[in-house]
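For ligands, and for the atoms within them, numbers begin at 1 and follow the listed sequence.
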Amino acid sequence: MRKNIVAGNWKMNTTVSEGVALAKEVSEAVKAANPKCEVVICTPFTHLCPVAGVIDTAVLGLGAENCADHEKGAYTGEVSAAMVASTGATHVILGHSERRQYYGETSETLREKVALALANGLTPIFCIGEVLAERENGTFNEVVAKQVEEGLFNLSAEDFGKIVLAYEPVWAIGTGKTATAEQAEDMHAWIRSVIAGKYGKEVAENTSILYGGSCKPSNAAELFAKPDVDGGLIGGAALKCADFMGIVNAF
Ligand code: PGA
C-alpha cells in the first residue's frame, strides 16, 4: 500500500545555523508526535551534512531540492546525485516548477536527473503542475499528463515504483491560494489513471501522490482526507516547526 508523506521544501531559505536549529526542532517534534505519515525535510545543499548530523533519521527523512543532470566532472557549481546521497540524504525534489520556470529545466534534463537519483539510491519527489493560464483554459489535465509521461514513462515499472509524485498547481505555490480539496482530488485521481494506463492498476495504487501549493495547518486535513491525496509538499509552512507539525499531524 502507498505511503502517506509530508515533505518540507525549504527552498532558498535559512542560513546553515538557522537550518540546523530548525531541523533539530522538527526532528524532536516528529519523534514526540509519532505521526501517521512519513516525514521528510528537503534543504539547501549546504545544509545537508550538518542537518544529517542532528536529526534522528529513524523518524525524519532528509532530501535535497535538486541534483545535477550529469554524473560528475566539469560542471562548475553543480551538485551530483552521488554527492547528495553521500551526505546521508535519502530524497531529492526534481522538476519543481521554480526549477522548470527559472532555470529552464525540461523533461529531457529531468529524465537524466531521475536516472541519476535512482542510480544513487535516492527517492525522487517529482513535481508536476499547470500554470494559471492552463488551469483557466482547461488544458490542465493534458499538461500534467504530459509532464508525467515525458519525465517518467521511460522508467521500468520497478523504477517507477520508487518515485513519489507531487502535484503542485503553479498558481497555488506561495500565493496563499490553495487548490480546493476537490480540485486536488480530481487531479490526483487523473494522474493515477494515467499511471495505471502505462504501468497497470497495482503500480498506480502504490504510487504516493502529494499535493503542494499553500498547504497549511488549516487546510491540510481536508486535503489529506481525499482518497488520492497521499500527503503534501510544503514550502512556506515548512519553515516554522509548529506550522509544519500542524500539517504532519493532519493525518
Ligand atoms: P508553498 O510551496 O507551500 O509555499 O506554496 C510549495 C512548494 O513550492 O513546494
Side-chain angles (χ1 to χ4, degrees), residues 4-14 18-19 22-23 26 37-45 47-48 60-67 84 89 91-105 110 113-114 117 122-132 134-135 140 143-144 147-148 151 163-181 183-184 187-188 191 208-224 226 229-251:
N4 290 325
I5 304 167
V6 171
N9 172 14
W10 288 8
K11 309 194 179 188
M12 197 173 73
N13 292 296
T14 73
E18 289 164 352
L22 175 59
V26 170
C37 59
E38 191 176 305
V39 187
V40 180
I41 50 173
C42 299
T43 77
F45 292 131
H47 298 33
L48 292 173
L60 182 62
L62 176 63
E65 300 170 13
N66 182 28
C67 72
V84 169
H91 292 69
V92 59
I93 297 172
L94 292 175
H96 190 280
S97 63
E98 288 149 19
R99 302 282 331 160
R100 293 177 189 260
Q101 196 180 340
Y102 306 140
Y103 301 96
E105 289 195 0
L110 288 170
K113 293 185 182 207
V114 168
L122 296 169
T123 299
I125 301 174
F126 190 85
C127 303
I128 49 187
E130 80 284 0
V131 299
L132 184 60
E134 293 158 345
R135 172 59 56 176
F140 49 92
V143 166
V144 170
Q147 290 171 337
V148 175
I163 305 287
V164 172
L165 283 170
Y167 167 60
E168 300 202 300
V170 179
W171 47 272
I173 295 178
T175 56
K177 204 174 157 186
T178 320
T180 64
Q183 284 173 324
M187 178 57 88
H188 285 222
I191 294 166
S208 296
I209 309 177
L210 316 185
Y211 168 80
S214 299
C215 189
K216 35 190 185 268
S218 58
N219 59 26
E222 195 189 350
L223 286 158
F224 297 171
K226 293 293 179 190
V229 178
D230 308 313
L233 182 57
I234 317 301
L239 295 169
K240 278 207 189 110
C241 184
D243 288 348
F244 189 58
M245 291 309 297
I247 296 169
V248 166
N249 290 325
F251 270 113

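Taking 4.5 Å as the limit, some side-chain heavy atom of I173 sits within range of a side-chain heavy atom of E98. A heavy-atom distance below 4.5 Å is found between the side chains of F244 and I41. When side chains are defined from C-beta on, V6 counts as touching F251, because their heavy atoms get closer than 4.5 Å. Looking only at side-chain heavy atoms (C-beta outward), H188 and K226 stay at 4.5 Å or farther from each other. By the 4.5 Å heavy-atom criterion applied to side chains, N9 and E65 are counted as neighbours.
F45 and V84 get closest at one heavy-atom pair: CE2-CG2, 3.9 Å.
Numbered from 1 in the order shown, with element, the atoms of ligand 1 that lie under 4.0 Å from a heavy atom of L233 read 6 (C), 9 (O). Taking every heavy atom of A172 and a limit of under 4.0 angstrom, the matching atoms of ligand 1 come to 5 (O). Below 4.0 Å from some heavy atom of G236 lie the following atoms of ligand 1, by number and element: 1 (P), 3 (O), 4 (O). Proximity to E168 (heavy-atom distance under 4.0 Å) selects the following atoms of ligand 1: 6 (C), 7 (C), 8 (O), 9 (O).
Only side-chain heavy atoms of N9 come within less than 4.0 Å of ligand 1; its backbone N, CA, C and O stay farther off.
Distances from ligand 1 to the non-hydrogen atoms of A237 include no value under 4.0 Å. For the ligand labelled ligand 1, residue S214 lies inside the 4.0 Å heavy-atom shell.
Partners of R135 under the salt bridge (charged side-chain N to carboxylate O under 4.0 Å, His left out) rule, at least two apart in sequence or in another chain, are E130.
Here's the thing with I234: none of its N/O atoms is less than 3.5 angstrom from an N/O atom of ligand 1. Considering backbone and side-chain N/O atoms, T175 never comes within less than 3.5 Å of an N/O atom of ligand 1. At under 3.5 Å, a nitrogen or oxygen of G174, whether backbone or side chain, sits near a nitrogen or oxygen of ligand 1. At under 3.5 Å, not a single nitrogen or oxygen of I173, backbone or side chain, sits near a nitrogen or oxygen of ligand 1.
Atoms OH and CD, from Y167 and Q183 in turn, are 7.0 Å apart once rounded to the nearest 0.5 Å. Rounding to the nearest 0.5 angstrom, the gap separating the SG atom in C127 from the CG atom in L233 is 5.5 Å.
When the heavy-atom distances from atom 8 (O) of ligand 1 to H96, K216, E65 are ranked, the shortest goes to H96.
Looking from atom 3 (O) of ligand 1 to the surrounding protein, the closest heavy atom is G235 N, 2.9 Å.
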